[in-house]
Peer 1: 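One structure follows; several queries about it will come next.
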2 protein chains.
Amino acid sequence: MSTTVDKKGRRSTAAETRERILVAARMAFSKAGYDSVGVREIALAARTDPAMVSRLFGSKENLFTLIASEAFRVAAPFDGPVRGMGQRIAADLLGPVVPPDPDEFDNFAFLLRSIGSPVAAPILSAAIHQSFIQPLSRRMSGREAEQRAALLTAYVLGVAVLRVGLGSPAIERSGPEMVSVLLGEALQRCLTPAIP
Amino acid sequence: MSTTVDKKGRRSTAAETRERILVAARMAFSKAGYDSVGVREIALAARTDPAMVSRLFGSKENLFTLIASEAFRVAAPFDGPVRGMGQRIAADLLGPVVPPDPDEFDNFAFLLRSIGSPVAAPILSAAIHQSFIQPLSRRMSGREAEQRAALLTAYVLGVAVLRVGLGSPAIERSGPEMVSVLLGEALQRCLTPAIP
DNA sequence: CGGGAAATGTCAACGACCGTTGATAAAAAG
DNA sequence: CTTTTTATCAACGGTCGTTGACATTTCCCG
């Protein structure tokens with residue numbers, strides 16, 4: 001049998017195969033976590049061979065590190081003015097997409113499903129700080145900005161734990177209700193504390 | 001070589017061995033998570049044989065379920081009057097024991113290090129709801145009590161994620177500072193919302 | 001245009017761990 | 001002494017990440 005070809009009968013570039021593996025690995029890690037995902041599984045989804053993962057990325061750990069370092073870029077609800085940002089994030093967090101589309105990458109699932117792994121945890125820790133908490137705190141004014149940014153991150157991650165990690169039915173269906181208001185206020189208080 | 005004996009030269013009861021395994025497993029799961037802990041490792045720490053784990057508990061999964069079902073009993077800071085409970089929980093969460101003593105069982109570590117495992121996650125989900133969120137919500141009054149209890153739980157778990165999961169230096173050292181006040185207020189607002 | 005070099009893909013195997021089970025030994029109980 | 005309880009050991013079938021040898025395709029340069 002011949003080697004893998006794309007639709008036009010051509011063979012893949014290394015860069016193309018790399019990209020397919022990256023996409024497949026992102027999804028797999030997001031769905032099942034670092035420890036539960038094997039390179040064979042990733043390679044199958046990427047229509048390639050397990051050996052290519054080691055070839056192109058060095059190791060499964062390197063592949064994971066690469067994905068993690070790009071996963072936590074500060075997202076859409078964090079753009080725009082600081083005023084009202086709390087409610088914006090809350091609305092996005094408790095938004096209508098419940099449960100999230102299983103066919104697209106989920107930051108929170110990616111984080112929570114791998115945070116227990118002794119090898120993945122330090123990688124995720126570094127990524128969260130460098131890509132999220134620090135950039136966010138730089139947009140904030142006032143004292144202890146980084147600590148407040150971390151607290152905000154904690155709230156967000158906590159909601160994520162309950163929703164994707166534990167699949168809690170208690171928070172799941174929440175439109176513009178009390179919980180959403182409470183969360184929005186709590187987030188806003190991290191951004192702009194009442195006492196300056 | 002003879003079989004395992006205790007200090008008095010006597011042999012262990014099944015109940016005693018069971019207890020040693022339980023203690024060892026609690027610690028191991030809390031330190032490394034469900035997937036990373038092997039029955040051989042547990043048995044070694046419990047001074048017994050890997051086969052005894054399957055013998056006495058049926059399976060590693062059963063053992064984990066047993067531990068999980070007893071791990072999330074509502075804890076000390078949740079006793080007493082609802083007034084000021086938010087600050088009490090915050091103080092306990094951000095308390096002086098940082099990092100927590102690695103020689104004693106840690107609820108949060110136990111939860112977070114195993115939440116990524118496909119087999120452990122549903123077990124933990126059930127345990128958290130039955131042992132924590134529901135009992136807590138029964139102590140609360142007002143509308144949407146269970147949803148607010150879940151939100152409070154999310155905050156607490158989020159802080160735990162940052163501290164034990166990610167080892168965040170941003171929240172770690174926090175005495176009676178701004179972050180502690182903010183967290184306490186946010187928790188209290190879940191317990192006793194301003195708008196009844 | 002041809003041939004060798006480079007790039008890409010495939011396959012099989014390694015050693016290491018995993019949870020579990022059955023056979024068997026040792027100790028205690030009756 | 002026989003039965004029951006507790007412990008030990010070896011082995012099973014399986015999955016894991018990684019590697020080296022080899023096959024195939026593409027490219028480049030003479």
Side-chain angles (χ1 to χ4, degrees), chain A residues 1-22 24-25 28-29 32-67 113-114 116-120 123, chain B residues 1-22 24-25 28-29 32-67 113-114 116-120 123:
Chain A
M1 188 182 169
S2 78
T3 71
T4 299
V5 293
D6 76 357
K7 304 143 196 166
K8 298 194 277 294
R10 257 205 1 90
R11 203 156 92 147
S12 301
T13 309
E16 289 171 344
T17 306
R18 249 183 81 99
E19 190 56 32
R20 284 206 314 277
I21 292 176
L22 272 174
F29 285 140
Y34 182 82
D35 285 335
S36 302
V37 172
V39 296
R40 287 167 176 84
E41 177 183 345
I42 295 174
L44 189 70
R47 307 193 317 278
T48 183
D49 193 87
M52 296 303 289
V53 177
S54 294
R55 277 275 181 292
L56 297 176
F57 293 91
S59 67
K60 177 185 167 189
E61 183 174 347
N62 279 353
L63 170 60
F64 183 84
T65 303
L66 198 65
I67 295 174
R113 302 231 146 91
S114 294
S117 163
V119 353
I123 298 171
Chain B
M1 189 183 169
S2 77
T3 71
T4 298
V5 294
D6 75 356
K7 303 143 197 167
K8 299 193 280 293
R10 253 202 8 86
R11 202 156 93 144
S12 300
T13 310
E16 290 170 344
T17 306
R18 249 183 81 100
E19 189 57 31
R20 285 207 313 279
I21 292 177
L22 271 174
F29 286 140
Y34 182 83
D35 285 334
S36 302
V37 172
V39 296
R40 287 168 175 84
E41 177 183 344
I42 295 173
L44 189 70
R47 307 193 317 277
T48 182
D49 192 88
M52 296 303 289
V53 177
S54 294
R55 267 295 115 67
L56 297 176
F57 293 91
S59 67
K60 177 186 167 188
E61 183 175 347
N62 279 355
L63 171 60
F64 183 83
T65 303
L66 198 65
I67 296 174
R113 301 232 146 92
S114 294
S117 164
V119 352
I123 298 171

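By convention in this document, chain letters (A, B, ...) are assigned in the order of the sequence lines, proteins followed by strands, and residues within each chain are numbered from 1.
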Peer 1: Work out which heavy atom in A:Ala28 is nearest to a heavy atom in A:Glu41; give both atom names and the distance.
Peer 2: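 Nearest heavy atoms, A:Ala28 then A:Glu41: CB-OE2, 4.4 Å.
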Peer 1: Taking atom types as they are modelled, would you say the side chain of B:Arg11 forms a donor-acceptor pair with the base of D:dT5 within the 3.5 Å cutoff?
Peer 2: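 Result: at least one qualifying N/O pair found.
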Peer 1: Which heavy atom in A:Arg40 sits nearest to a heavy atom in A:Pro50, and how many Å separate them?
Peer 2: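 For A:Arg40 and A:Pro50, the tightest heavy-atom pair comes out as CG-CG, 3.8 Å.
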Peer 1: To the nearest Å, how far apart are B:Arg20 CZ and D:dA7 C1'?
Peer 2: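 In whole Å, D:dA7 C1' lies 11 Å from B:Arg20 CZ.
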Peer 1: Within less than 4.0 Å of OP1 or OP2 of D:dT6, is there a side-chain N or O belonging to B:Thr13?
Peer 2: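 Answer no for this pair, as no side-chain N or O of B:Thr13 is under 4.0 Å from OP1 or OP2.
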Peer 1: Hey, does the side chain of A:Thr48 come within less than 4.0 Å of C:dG9's phosphate (OP1/OP2), counting only N and O?
Peer 2: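 Checking C:dG9 against A:Thr48, no side-chain N or O comes under 4.0 Å of OP1 or OP2.
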Peer 1: What is the distance, to the nearest angstrom, from the CG atom on A:Leu44 to the P atom on C:dC11?
Peer 2: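 Taking CG of A:Leu44 and P of C:dC11, I get 13 Å after rounding.
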Peer 1: Looking at every heavy atom in both A:Val37 and A:Lys60, which two are closest together, and how far apart are they?
Peer 2: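 Heavy atoms of A:Val37 and A:Lys60 come nearest at O-NZ, 2.9 Å.
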Peer 1: Restricting to non-hydrogen atoms, name the atom on B:Leu63 and the atom on B:Ile42 that form the minimum distance, rounded to 0.1 Å.
Peer 2: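 What the structure gives for the nearest pair is CD2-CD1, 4.2 Å.
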Peer 1: Do you know which two heavy atoms are closest between B:Ala43 and B:Asp49, and how far apart they sit?
Peer 2: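 Residues B:Ala43 and B:Asp49, closest heavy atoms: CB-C, 3.5 Å.
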Peer 1: Respond yes when some side-chain nitrogen or oxygen of B:Thr17 is under 4.0 Å from OP1 or OP2 of D:dA7, and no when none is.
Peer 2: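 For D:dA7, OP1/OP2 do have a side-chain N/O of B:Thr17 under 4.0 Å.
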Peer 1: Whole angstrom is fine here: how far is it from CZ in B:Phe57 over to P in D:dA7?
Peer 2: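 For the pair B:Phe57 CZ and D:dA7 P, the rounded distance is 12 Å.
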Peer 1: Which atom pair, heavy atoms only, marks the closest approach of B:Ser114 to B:Tyr34?
Peer 2: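 Looking at all heavy atoms of both residues, the closest pair is OG-N, 2.8 Å.
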Peer 1: Round to a whole Å and report the spacing from CE of A:Met52 to P of C:dT10.
Peer 2: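 Going from CE in A:Met52 over to P in C:dT10 covers 8 Å.
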Peer 1: Between A:Ser12 and A:Thr17 (side chain of the first, backbone of the second, donor and acceptor by atom type, cut-off under 3.5 Å), is there such a pair?
Peer 2: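 Not at all, since once roles are kept as given, no pair shorter than 3.5 Å links the two residues.
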Peer 1: Rounded to whole Å, please give me the gap between CZ in B:Phe64 and P in C:dC18.
Peer 2: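 In whole Å, C:dC18 P and B:Phe64 CZ are 17 Å from each other.
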Peer 1: Round to the nearest Å and state the distance from B:Arg55 atom CZ to D:dT4 atom P.
Peer 2: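 B:Arg55 atom CZ is separated from D:dT4 atom P by 17 Å.
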Peer 1: Could you encode protein contacts along nucleotides 10-18 of chain D as a string, one character per nucleotide from 5' to 3', using B for base contact, S for sugar-phosphate-only contact and - for no contact, with a heavy-atom cut-off of under 4.0 Å?
Peer 2: -B----BBB
Peer 1: Give a yes or no on whether a donor-acceptor pair under 3.5 Å exists between the nucleobase atoms of C:dG9, that is its base, and the side chain of A:Arg47.
Peer 2: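 It does not, because no donor-acceptor pair links the side chain of A:Arg47 to the base of C:dG9 below 3.5 Å.
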Peer 1: Over how many whole Å does the gap from B:Glu19 atom CD to D:dT6 atom C1' extend?
Peer 2: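 So the two atoms are 17 Å apart, to the nearest Å.
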